[in-house]
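In what follows, a structure is listed as structure tokens, so that the remarks can point back to it.
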There are 4 protein chains.
Amino acid sequence: MAGINKVILVGNLGKDPEVRHLEGGNSVAHFTLATNEYYKDKQGARVERTEWHNISAWRGLAELAEKFLKKGSQVYVEGKLRTRQYQDKDQQTRYVTEIIAEEISLLGGRPGGGTNGTGSATGSANGADENVSLRQEPELDQLPF
Amino acid sequence: MAGINKVILVGNLGKDPEVRHLEGGNSVAHFTLATNEYYKDKQGARVERTEWHNISAWRGLAELAEKFLKKGSQVYVEGKLRTRQYQDKDQQTRYVTEIIAEEISLLGGRPGGGTNGTGSATGSANGADENVSLRQEPELDQLPF
Amino acid sequence: MAGINKVILVGNLGKDPEVRHLEGGNSVAHFTLATNEYYKDKQGARVERTEWHNISAWRGLAELAEKFLKKGSQVYVEGKLRTRQYQDKDQQTRYVTEIIAEEISLLGGRPGGGTNGTGSATGSANGADENVSLRQEPELDQLPF
Amino acid sequence: MAGINKVILVGNLGKDPEVRHLEGGNSVAHFTLATNEYYKDKQGARVERTEWHNISAWRGLAELAEKFLKKGSQVYVEGKLRTRQYQDKDQQTRYVTEIIAEEISLLGGRPGGGTNGTGSATGSANGADENVSLRQEPELDQLPF
DNA sequence: TTTT
DNA sequence: TTTT
């Protein structure tokens, strides 16, 4: 029986996305996303806690990430959880959990959600003036699961 | 700025939950949840892929899990992602990603979604005839983050 | 700027779906879905409250509904909200809010979540033994908005 | 059996919230939220479509709305669907579907997502500099269902 | 490593 | 009635 595997995040990119263009025309972007939450501890002090998420975006979503997202951008990400295993340098099996993006939408107003270290202060260059949003179903057989 | 960190799963338990009763009256349940998906590969063959998720449920949700969930049960789980780090036996830092449950709802009809290895074929004993569903906000300062 | 408009429901069909096959090969299914919740009133008495939702499913999702869903079936429905206006018999403008389905997944175990008034007690005929689940993006320009 | 009734929206307020302070200290805010989507029609022309949602926020969420939200603000709203019936001026039964908010989070960067008709251009007055976010379970027996 |  |  089919199940549901859905993640919904709203947060800020920790760094500019890293994009790799694969042989065959495919491309993939990776970035980390911070989601903050606030609560009071037993002493009543306000505590901030940040959770970091590993996001993978493929094909059209990788292109959107490359063009429009950068360090600090506030985005909505919807996707699915996937835990991959790999061998570390000591040949130990390790696991890493990622969110495979299925929808990305750039949030925030005019001035944009972040500053680009490399300059390009061209007004709302990466702001959400335009409609920066895409939904894309994963082509599962093309992912290196 | 606060973010959104939300996971929604519908799947089946891989094993009976493991419940620990902590000092101080707190309790925590752990279980794994399988979400299946189906797709066609390039040759058009039907492929099934199973993703396994680590679920942690605290306090009231742990009690619900202990009483009503077992291997095979079909459940709805809503929660948040949390990646913990720990030291493995070689003193290497390792990471594991879990879903901290905020809502659990037992799905499925009368006969229940699973068989209990220990017997207890008492009709709808663990079926969803009753309302087996609970939402509970995490008390963040009480979790061993 | 693009927004997010998402509905996630788990509930039971109130009646068998009504399916219309439109000219041009398109088809649409309508059904109502009940979601129950339980709470205690001020006197501590347990109260059940049922919310009814109007679901519209198009094309492949309409076919899935026609083939596999019936009165009582427990389903997961994901979709988007849409409020339509129409003229009632007195030429008054009226509004109705529907959920346009984007994903439907039949839940529940072997015997299935419902009985079919027309018989067909063929074992797990409409149970979720098979993978009865489909995601389908709406072709917005083909919907009669 | 309990169900799931969940709505997730990201959009912009059409007007400032209307807040009523009820006898007994309770309060409720109403506002409309626009979610935009973009698609291409059969001729390939880009079309924008706006869906309007009726949001009701109670108690703490009403106070958050009153203090921090205004026309144009970009917000995340999570809640549940509820269809109310009422008698119109001709004593006809009418229905209206609302989203009862359970979580509201103000999105957007410094300059804030909207302009206040009454002035107060005080920098980030309504921006999301602060953590403007609240989750609150509905006290169902206190809502005028 | 983000954001406020 | 919003936003871009």
Side-chain angles (χ1 to χ4, degrees), chain A residues 9-18 30-38 46-55 68-77 105-117 123-134, chain B residues 1-5 83, chain C residues 1-5 83, chain D residues 9-18 30-39 46-55 68-77 105-117 123-133:
Chain A
L9 305 172
V10 175
N12 299 276
L13 273 76
K15 290 188 180 173
D16 291 353
E18 292 178 12
H30 291 283
F31 58 89
T32 52
L33 192 73
T35 56
N36 301 309
E37 61 183 331
Y38 302 87
R46 190 166 171 278
V47 182
E48 175 178 351
R49 187 169 187 284
T50 299
E51 186 72 36
W52 287 98
H53 310 272
N54 299 306
I55 314 290
F68 296 107
L69 306 189
K70 56 190 173 188
K71 181 178 173 176
S73 298
Q74 187 185 33
V75 292
Y76 170 94
V77 174
S105 193
L106 179 59
L107 303 176
R110 294 337 134 63
T115 50
N116 190 328
S124 67
N126 79 329
D129 284 353
E130 317 168 53
N131 166 35
V132 179
S133 182
L134 181 64
Chain B
M1 196 178 350
I4 305 298
N5 174 359
T83 298
Chain C
M1 195 177 352
I4 304 299
N5 174 359
T83 298
Chain D
L9 304 172
V10 175
N12 299 275
L13 273 76
K15 290 188 182 172
D16 291 352
E18 292 177 13
H30 290 283
F31 58 89
T32 53
L33 192 73
T35 55
N36 301 309
E37 62 183 330
Y38 302 87
Y39 61 94
R46 189 166 172 278
V47 182
E48 174 178 351
R49 188 169 186 285
T50 299
E51 186 73 35
W52 287 98
H53 310 271
N54 299 306
I55 315 290
F68 296 108
L69 305 188
K70 55 190 174 187
K71 181 177 173 178
S73 297
Q74 186 185 35
V75 292
Y76 170 94
V77 174
S105 193
L106 179 59
L107 304 175
R110 287 353 124 63
T115 49
N116 191 328
S124 66
N126 80 327
D129 284 351
E130 317 168 53
N131 165 36
V132 179
S133 183

Q. Across the strands shown, which category fits A:T50 at heavy-atom distances under 4.0 angstrom: base, sugar-phosphate, nothing?
A. base

Would you mind reading off the distance between [X] atom [atom1] and [N] atom [atom2], rounded to a whole angstrom?
X     : N     : atom1 : atom2 : answer
D:Y76 : F:dT2 : OH    : P     : 25 Å
D:H53 : F:dT2 : NE2   : P     : 15 Å
D:F31 : F:dT2 : CZ    : P     : 16 Å
D:K71 : F:dT3 : NZ    : P     : 7 Å
A:L9  : E:dT1 : CG    : P     : 21 Å
A:I55 : E:dT1 : CD1   : C1'   : 13 Å
D:N12 : F:dT2 : CG    : C1'   : 5 Å
A:K70 : E:dT3 : NZ    : P     : 12 Å

Are the side chains of A:V75 and A:V10 in contact, using a 4.5 Å heavy-atom criterion?
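Not in contact.
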
D:Y38 side-chain proximity, nearest of F:dT2, F:dT3, F:dT1 =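 Between F:dT2, F:dT3, F:dT1, the one nearest the side chain of D:Y38 would be F:dT3.
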
Ranking E:dT2, F:dT1, F:dT2 by distance to the side chain of A:N36, first place goes to E:dT2

Results of side chain to side chain contact (heavy atoms under 4.5 Å, CB included) for D:E48 - residues two or more places apart only: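 Scan of D:E48 (side chain to side chain contact (heavy atoms under 4.5 Å, CB included), adjacent residues dropped) gives D:N36, D:Y38, D:T50.
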
Residues passing the side chain to side chain contact (heavy atoms under 4.5 Å, CB included) test with B:N5, sequence neighbours excluded, are A:L9, A:T35, A:E51, A:H53, B:K80, B:L81

Practice problem: Step by step, work out the side-chain contact (heavy atoms from CB on, under 4.5 Å) result for A:T32 and A:I55. | Solution: CA-CA 6 Å; A:T32 52; A:I55 314 290; over 6 Å; no

(Q) Going by centres under 5.5 angstrom and planes under 30 degrees, do the aromatic ring of A:W52 and the base ring of E:dT1 stack? (A) yes

